[in-house]
Amino acid sequence: QVQLVESGGGLVQAGGSLRLSCAASGRTARTAAMGWFRQAPGKDREFVTVIRWSGGTTYYAESVKGRFTISRDNAKTMVYLQMNSLKPEDTAVYYCAVASGDKGYEYDYWGQGTQVTVSS
């Protein structure tokens with residue numbers, strides 16, 4: 001079992017920055033990857049970014065590439081999402097997810113989500 005807790009969401013003006021954090025606890029020894037997803041009202045949940053725990057390889061959705069940066073803290077099993085140049089269309093509930101390793105790189109645990117609102 002893995003538990004994820006997100007924090008750092010809030011209200012920010014367009015062009016501003018925000019940093020989200022996600023702390024993993026429980027059975028994290030075999031963590032394969034951690035990532036971020038988001039879901040806007042009335043929309044499907046979409047992939048934002050992911051980082052492999054071993055090696056640090058990253059991937060970003062085209063909509064956030066160049067503006068968002070994912071980083072990790074191996075010792076604490078934490079992942080961060082630095083969001084710069086925020087746009088109103090970035091408004092969504094952001095979810096942290098982990099591929100625990102039990103199912104390879106499949107995301108098998110999810111956080112409760114944190115609201116990010118970007119005003120124009």
Evaluate R27 against S100 for side chain to side chain contact (heavy atoms under 4.5 Å, CB included), listing each step before the verdict.
CA-CA 8 Å; R27 301 177 64 182; S100 70; over 6 Å; no

Work out which heavy atom in A97 is nearest to a heavy atom in Y107; give both atom names and the distance.
CB-CD2, 3.7 Å

Considering all heavy atoms of both residues, which atom of G9 and which atom of L20 are nearest to each other, and what is their separation?
N-CD2, 3.5 Å

Any side-chain to backbone donor/acceptor pair from S17 onto N84? Under 3.5 Å, distance only.
no

Does CG belonging to N74 count more than 12 external heavy atoms closer than 6.0 Å?
yes

Mind checking the OG-CZ spacing from S63 to F47? Nearest 0.5 Å is all I need.
9.5 Å

Is any side-chain heavy atom of D44 less than 4.5 Å from a side-chain heavy atom of Q39?
no

Measure the CH2-CG distance between W36 and L81 for me, rounded to the nearest 0.5 Å.
6.0 Å

Give the minimum heavy-atom separation between A92 and R38, together with the two atoms involved.
CB-CB, 3.8 Å

Measuring from R30:CZ to D102:CG, what's the distance to the nearest 0.5 Å?
6.0 Å

Using modelled atom types only, decide if a donor and an acceptor are shared between the side chain of D73 and the backbone of M78 within a distance under 3.5 Å.
no

Start with the C-alpha distance between V116 and T91, add both sets of side-chain angles, then the distance that settles side chain to side chain contact (heavy atoms under 4.5 Å, CB included), and finish with yes or no.
CA-CA 5 Å; V116 172; T91 295; 6.0 Å; no

Between T49 and Y59, is there a donor-acceptor pair closer than 3.5 Å when you use the side chain of the first and the backbone of the second?
yes

For the student: nearest non-hydrogen atoms of V50 and A33, plus distance
CG2-CB, 4.0 Å

What closest approach, in Å, do G10 and L18 show between heavy atoms, and which atom pair accounts for it?
N-CD2, 3.8 Å

Taking the six-membered ring of Y95 as reference, does the NZ or CZ atom of R45 fall below 6.0 Å from its centre and within a 45° cone about the axis?
yes

Report yes if some heavy atom in the side chain of R67 is under 4.5 Å from a heavy atom in the side chain of K87; otherwise report no.
yes

Examine distances only and state if a side-chain atom of E6 and a backbone atom of Q112 form a donor-acceptor pair shorter than 3.5 Å.
yes

Stepwise side chain to side chain donor-acceptor pair (under 3.5 Å) check, T117 with Q115:
CA-CA 6 Å; T117 302; Q115 177 70 47; 3.3 Å; yes

Stepwise side chain to side chain contact (heavy atoms under 4.5 Å, CB included) test for Y105 and R52
CA-CA 9 Å; Y105 285 96; R52 291 184 179 179; 4.1 Å; yes

Has Y60 got a side-chain atom pairing as donor or acceptor with I70's backbone, closer than 3.5 angstrom?
yes

With side chains defined as the heavy atoms from C-beta onward, is the minimum distance between T31 and T77 less than 4.5 Å?
yes

Of all the heavy-atom pairs spanning S120 and A14, show the shortest one and how long it is.
CA-CB, 4.5 Å

Does the ring centre of F37 sit less than 6.0 Å away from the ring centre of W110?
yes

Here's one to test your reading of the geometry: is the NZ or CZ of R72 within 45 degrees of the ring axis of Y80 and under 6.0 Å from its centre?
no

Keeping T28 on the side-chain end and S25 on the backbone end, is there a donor-acceptor pair under 3.5 Å?
no

